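To keep things clear, I will list the structure first and then write my remarks on it.
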Number of protein chains: 2
Amino acid sequence: MSKRTRSQSVTDQLRELILQGTFNPGERLYEIPLAERMGVSRTPVREALNTLRIEGLLDYETQRGYGVREFGTHDIVAAYEARAALEGLACRMAAENGLSKEDLAILERCVADGDSLLSSGKLLPENLARYRQMNVDFHETILRASGARILGDLVRQTHNIPFASNRIMVWDDYQIIHRSHDDHHRIFDAISRRQAKRAEALMQEHVFFAGQVLKKHIEAKARIAEEPGERG
Amino acid sequence: MSKRTRSQSVTDQLRELILQGTFNPGERLYEIPLAERMGVSRTPVREALNTLRIEGLLDYETQRGYGVREFGTHDIVAAYEARAALEGLACRMAAENGLSKEDLAILERCVADGDSLLSSGKLLPENLARYRQMNVDFHETILRASGARILGDLVRQTHNIPFASNRIMVWDDYQIIHRSHDDHHRIFDAISRRQAKRAEALMQEHVFFAGQVLKKHIEAKARIAEEPGERG
DNA sequence: GGTCGGGAGAATGTATACATGAAAGCGAGC
DNA sequence: GCTCGCTTTCATGTATACATTCTCCCGACC
């Protein structure tokens with residue numbers, strides 16, 4: 001593919017580290033140690049820090065440097081609500097405008113691929129990556145088909161929250177995945193028939209629901225992590 | 001206030017230049033001429049270009065530099081639709097959570113100030129800046145009161161489109177301004193009474209309508225600019 | 001003993017030199 | 001005459017040296 005600069009590489013690495021929770025919330029990030037860790041000079045590191053600040057992952061104060069922004073369940077839910085509103089809007093616009101043959105084919109393909117991957121009654125671990133890719137393709141195609149580049153830009157930003165990325169999913173419940181893929185069926189149907197309002201409502205609910213699932217997942221995890229210490 | 005770095009200063013200057021339409025759509029921006037023009041080295045210019053790229057004002061390709069992104073009426077309308085969805089969501093969340101005494105007081109004050117500035121039956125030119133500030137305060141207070149920092153971040157991005165900033169308004173029609181301020185009255189009422197859904201709908205319409213007004217304004221301008229040449 | 005002020009150290013901000021890669025023009029060969 | 005490829009030129013990418021400012025600590029003065 002296309003060659004990437006050190007800046008881009010460092011940005012991606014650092015973003016990944018932050019999204020994975022490598023750093024503590026509020027932890028300060030110093031340029032020089034980061035540069036040494038990444039094996040580059042301060043220049044690409046500074047560009048990466050600036051980039052991630054604008055993407056909303058870092059806090060910054062003039063002459064005082066960068067710190068990892070703190071996120072709570074509240075922020076994650078809000079990000080999903082925003083994403084639901086934005087993707088719902090994109091879905092409506094796409095349905096109103098009508099999709100190109102090519103985009104319709106991509107969506108149809110996504111739906112069919114999902115059917116196939118889920119046909120065994122569960123999602124096999126070796127199919128995880130393909131399912132995830134299918135999901136990303138589905139959503140990005142609709143965003144693109146909306147004809148409004150800004151919507152994609154904004155949605156991408158809602159992924160820049162730890163745990164909120166569309167690459168993160170709760171995989172342990174087949175029922176939930178199945179329902180989610182059923183949403184795709186219905187969204188595809190609504191878009192094909194140019195039922196704009198229905199398409200919008202379906203997409204809103206689809207994304208909102210994913211956020212609720214993730215929220216419960218995180219809260220359950222937090223409960224498990226806390227409980228062992230205390231006892232009744 | 002706080003001291004600003006050259007990078008921040010250059011970023012703000014450059015953003016302003018682009019939003020004002022100083023550069024032609026698609027025009028390439030070279031680092032060295034820009035640096036000379038701004039009286040700084042390439043370093044702050046590069047940071048500014050990177051920042052504005054992420055903000056969505058510039059296009060960029062590796063090893064090929066930056067260009068001014070092209071925007072059409074379509075993009076502006078889409079930005080307003082996105083903003084309507086996001087601010088509507090923020091408004092609903094604010095109404096659901098309930099506002100602090102201080103925030104309620106700010107909104108009340110904004111409404112009263114607007115009444116006062118419009119009481120003469122028109123908006124005097126010398127009151128323009130104050131009205132504009134009032135409008136910004138009103139919207140930002142609600143965004144803050146939503147409790148979701150990401151919503152403010154996203155909305156700010158929708159302003160980063162030429163002509164789409166909340167600082168731009170169509171001032172030549174008192175009726176429209178009056179109606180817009182009447183929206184503020186009703187939004188304040190809905191938020192005070194914790195009528196979340198009503199607050200959301202009002203804010204959506206408030207922003208959407210502003211976008212439509214702006215669209216007509218731009219189209220009218222374009223028509224005037226083109227017509228003199230042809231005669232039928 | 002507490003507080004204010006100065007200085008040392010360190011981190012960020014900026015400039016500049018150097019490296020890398022892209023694009024365009026010129027020349028040679030087909 | 002056209003095309004391919006080399007070379008030159010210039011813009012971007014990166015490293016590094018230097019400037020500025022913040023922070024923290026220590027000492028003097030109240």
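Owing to the predicted nature of the structure, the values given are computational and were not obtained by experimental measurement. Here is how names work: the chains are called A, B, and so on, in the same order as the sequence lines, proteins then strands, and each is numbered from 1.
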Nearest-Å distance for atom pair [atom1]/[atom2], residues [X] and [N]:
X: B:Met38; N: C:dT14; atom1: CE; atom2: P; value: 14 Å
X: A:Arg4; N: D:dT14; atom1: CZ; atom2: P; value: 11 Å
X: A:Arg46; N: D:dG13; atom1: CZ; atom2: P; value: 16 Å
X: A:Gln8; N: D:dT14; atom1: CD; atom2: C1'; value: 13 Å
X: A:Glu36; N: D:dT14; atom1: CD; atom2: P; value: 18 Å

Only pairs at least two apart or in different chains count here, so list each salt bridge (Lys or Arg N to Asp or Glu O under 4.0 Å) that has a residue in residues 88-97 of chain B.
A:Glu81-B:Arg92, B:Arg92-B:Glu96, B:Arg92-B:Glu200
Considering only residues two or more places apart or on different chains, which pairs with a residue in residues 40-54 of chain A satisfy salt bridge (Lys or Arg N to Asp or Glu O under 4.0 Å)?
A:Glu31-A:Arg42, A:Glu31-A:Arg46, A:Arg46-B:Glu47, A:Glu47-B:Arg46
Applying side chain to side chain donor-acceptor pair (under 3.5 Å), can you list everything that pairs with [X], at least two apart in sequence or on another chain?
X: B:Asp12; result: B:Arg4, B:Arg15
X: A:Arg156; result: A:Asp153
X: A:Gln212; result: none
X: B:Ser146; result: none

Any donor-acceptor pair under 3.5 Å from A:Glu27 side chain to A:Asn24 backbone:
yes
Under 3.5 Å donor-acceptor, B:Asp75 side chain and B:Gly72 backbone
yes
Does D:dG13 have OP1 or OP2 under 4.0 Å away from a side-chain N or O of B:Tyr60?
yes
Relative orientation of the end axes in the helix from C:dG1-D:dC30 to C:dC30-D:dG1, expressed as an angle to the nearest 10° (five pairs per end)
0°
If a protein heavy atom is under 4.0 Å from the base, mark B; if only from the sugar-phosphate, S; if neither, -; do that for nucleotides 15-23 of chain D going 5' to 3'.
BBB---SSS
By ring pair (Phe, Tyr, Trp, His ring centres under 6.0 Å), which residues pair with B:Phe138, not counting sequence neighbours?
B:His184
Suppose we screen for ring pair (Phe, Tyr, Trp, His ring centres under 6.0 Å). Which residues come up paired with A:Tyr30, at least two apart in sequence or across chains?
none
For DNA chain C, determine which residues of residues 24-34 of chain A have any heavy atom closer than 4.0 angstrom to one of its atoms, and list them numerically.
A:Arg28, A:Leu29, A:Tyr30, A:Glu31, A:Ile32
With sequence neighbours excluded, what pairs up with B:Thr141 under the side-chain contact (heavy atoms from CB on, under 4.5 Å) test?
B:Asp103, B:Ile106, B:Leu107, B:Arg144
